[in-house]
2 protein chains.
Amino acid sequence: MSSRPRTRTSDASGPDTQADLGKTIQRLRKAYNLSLGELSEQSGVAKSIISQIERNETNPTLSTVMRLSRALDTTVDEVLRGEQQSLFIEHQTKSGIPMLESQDGKCKLAIVGPLNLVDSFQWYDFHAQEKGVLESSPHPQGTVEHLYVVTGKLEVTTSGETKLASAGEALRYRADVPHKIVNVGTTAAHAVMVLALKQFGTPS
Amino acid sequence: MSSRPRTRTSDASGPDTQADLGKTIQRLRKAYNLSLGELSEQSGVAKSIISQIERNETNPTLSTVMRLSRALDTTVDEVLRGEQQSLFIEHQTKSGIPMLESQDGKCKLAIVGPLNLVDSFQWYDFHAQEKGVLESSPHPQGTVEHLYVVTGKLEVTTSGETKLASAGEALRYRADVPHKIVNVGTTAAHAVMVLALKQFGTPS
DNA sequence: CCAAATCGTTCGTTATATCGAACGCTGGTT
DNA sequence: AACCAGCGTTCGATATAACGAACGATTTGG
């Protein structure tokens with residue numbers, strides 16, 4: 001036993017431990033010209049622990065990280081995020097919106113979301129007149145469609161199941177099978193739809 | 001050596017444990033309408049632990065806090081600040097849909113989909129009165145926010161850049177930095193917002 | 001040269017964070 | 001009512017983070 005690389009059990013929820021937390025701590029400590037003993041005295045954390053933390057051999061308690069952060073005159077968040085800092089803005093304005101119409105001409109689908117990029121979803125603005133019906137053929141495998149009703153009342157049918165949603169409600173359903181949206185209200189309906197494409201499978 | 005440029009009191013007398021960490025966690029959990037069991041499943045943390053954390057009966061491990069933060073779509077730092085910023089105050093609607101209000105009370109953010117965690121994105125219904133301002137602290141690294149204006153005119157500011165969008169237009173911008181949405185129109189504004197959380201990829 | 005000091009690491013013990021199961025409670029259903 | 005499902009809490013066992021002391025390896029200076 002004793003010192004072994006020890007792979008973290010790390011459930012299926014992804015990387016929980018910041019990989020280079022120890023490196024960051026050590027970098028800060030050395031930036032202040034502190035020895036382990038000194039930092040231990042100033043932070044109140046045993047130097048053995050600091051040593052282990054710097055080598056990522058332990059999974060520190062929140063209070064420990066806070067004490068170290070305070071002693072190093074910084075915040076927990078800054079310690080966690082290391083030095084990777086990037087900020088640029090990316091904007092995309094819409095002009096010349098392509099539009100789709102249903103067979104009965106009563107539904108209009110405006111593509112507002114990012115269609116051209118690698119994002120794993122697209123989204124649409126959906127308008128339906130009274131009794132309008134939109135039938136869709138299957139989308140790619142694993143696609144999930146999210147429908148948020150802004151006004152009116154819509155009914156979604158997929159795989160034999162039918163669900164109803166009024167204004168302010170949201171529906172979620174499989175879109176990799178034929179599905180149908182019907183405006184069952186007495187007025188026109190307005191909804192926003194998001195298509196979530198399956199990009200990455202669960203590692204299970 | 002050892003001449004610290006910094007005069008730290010460094011006596012560990014400070015509050016090493018954030019007193020209201022539990023309250024913040026609970027507030028976030030309830031804002032997403034999650035039960036302890038659900039959050040446990042999504043975060044990978046035992047629900048008993050979450051219960052104890054919310055009542056400040058334990059001193060959580062860093063990895064635990066990180067897992068919870070990720071599941072709650074926020075950062076460790078934001079969880080730790082919690083009380084200080086209080087960008088939002090909770091508000092429960094009659095229909096059970098959790099709602100967030102901006103500081104000035106002029107903006108309302110309704111969480112539409114509880115689907116956020118599994119699908120790596122979530123979305124909101126956004127209503128802003130005239131001159132309403134919504135300030136958001138950074139979301140997790142790599143998060144991109146999509147804003148689709150249904151009615152009115154909104155202005156988004158991120159990292160010093162400002163972009164305008166009218167009804168029918170969409171904006172896309174980084175959300176892992178502080179950002180602000182302002183209703184600059186002469187009427188109330190309505191928009192739908194989608195947060196695309198980062199999927200694991202190579203950080204360039 | 002050889003102590004003395006100090007560095008970072010490692011060891012044994014204690015404290016406790018975490019987990020899973022079981023618990024009582026409440027709200028909806030037959 | 002009685003039932004069931006789901007909530008939040010509590011409880012025992014286990015894993016492990018934290019601590020203090022001791023350890024070799026440097027460096028210092030006498």
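The analysis underlying the following values was restricted to heavy atoms, covering all of them including side chains, and did not include hydrogens, waters or symmetry mates.
For A:R29 and C:dG8, the shortest distance from a side-chain N or O to OP1 or OP2 is below 4.0 Å. Close to C:dG8, at under 4.0 Å from its OP1 or OP2, lies no side-chain N or O of A:S51.
Atom CD1 in B:I50 sits roughly 11 Å away from atom C1' in D:dG8 (whole-Å rounding). Note: CD (A:E54) to C1' (C:dG8) measures 9 Å, nearest angstrom. The distance from atom CG of A:L36 to atom P of D:dA18 is 15 Å, rounded to the nearest whole Å. Between B:N56 atom CG and C:dT16 atom P the separation is 16 Å, expressed in whole Å. Spacing between atom CD of B:E38 and atom P of D:dA5 amounts to 17 Å, rounded to whole angstrom units.
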Sub-3.5 Å pairs of nitrogen or oxygen atoms, protein against nucleotides 17-20 of chain C:
residue : atom : partner : partner atom : Å
C:dA17  : OP2  : B:T58   : OG1          : 3.0
C:dA17  : O5'  : B:T58   : OG1          : 3.2
C:dA17  : O5'  : B:N59   : O            : 3.3
C:dA17  : O3'  : B:T61   : N            : 3.4
C:dA17  : O3'  : B:T61   : OG1          : 3.2
C:dT18  : OP1  : B:T61   : N            : 2.6
C:dT18  : OP1  : B:T61   : OG1          : 3.2
C:dT18  : OP1  : B:T64   : OG1          : 2.5
C:dC19  : OP2  : B:A46   : N            : 2.9
C:dG20  : O6   : B:S48   : OG           : 3.0

Would you tabulate the pairs of protein nitrogen or oxygen atoms and nucleotide nitrogen or oxygen atoms of nucleotides 3-6 of chain C closer than 3.5 angstrom?
none

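Of all heavy-atom pairs between A:N183 and A:A189, the closest is ND2-N, 3.6 Å. Nearest heavy atoms, B:V192 versus B:D125: CG2-OD1, 4.3 Å. Looking at every heavy atom in both residues, B:V45 comes nearest to B:S40 through O-OG, 2.6 Å. In terms of heavy atoms, B:S43 sits closest to B:A71 at CB-CB, 3.7 Å.
Around atom CD of A:E155, more than 12 heavy atoms belonging to other residues, nucleotides or ligands sit under 6.0 Å away.
Using cut-offs of 30° and 60° on the angle between ring planes, the pair B:H127 and B:H190 is parallel.
Residues A:E38 and A:E41 form no side-chain contact, since every pair of their non-hydrogen atoms from C-beta on lies 4.5 Å or further apart.
Here the OG1-CZ distance, from B:T64 to B:R67, works out to 4.5 Å after rounding to the nearest 0.5 Å.
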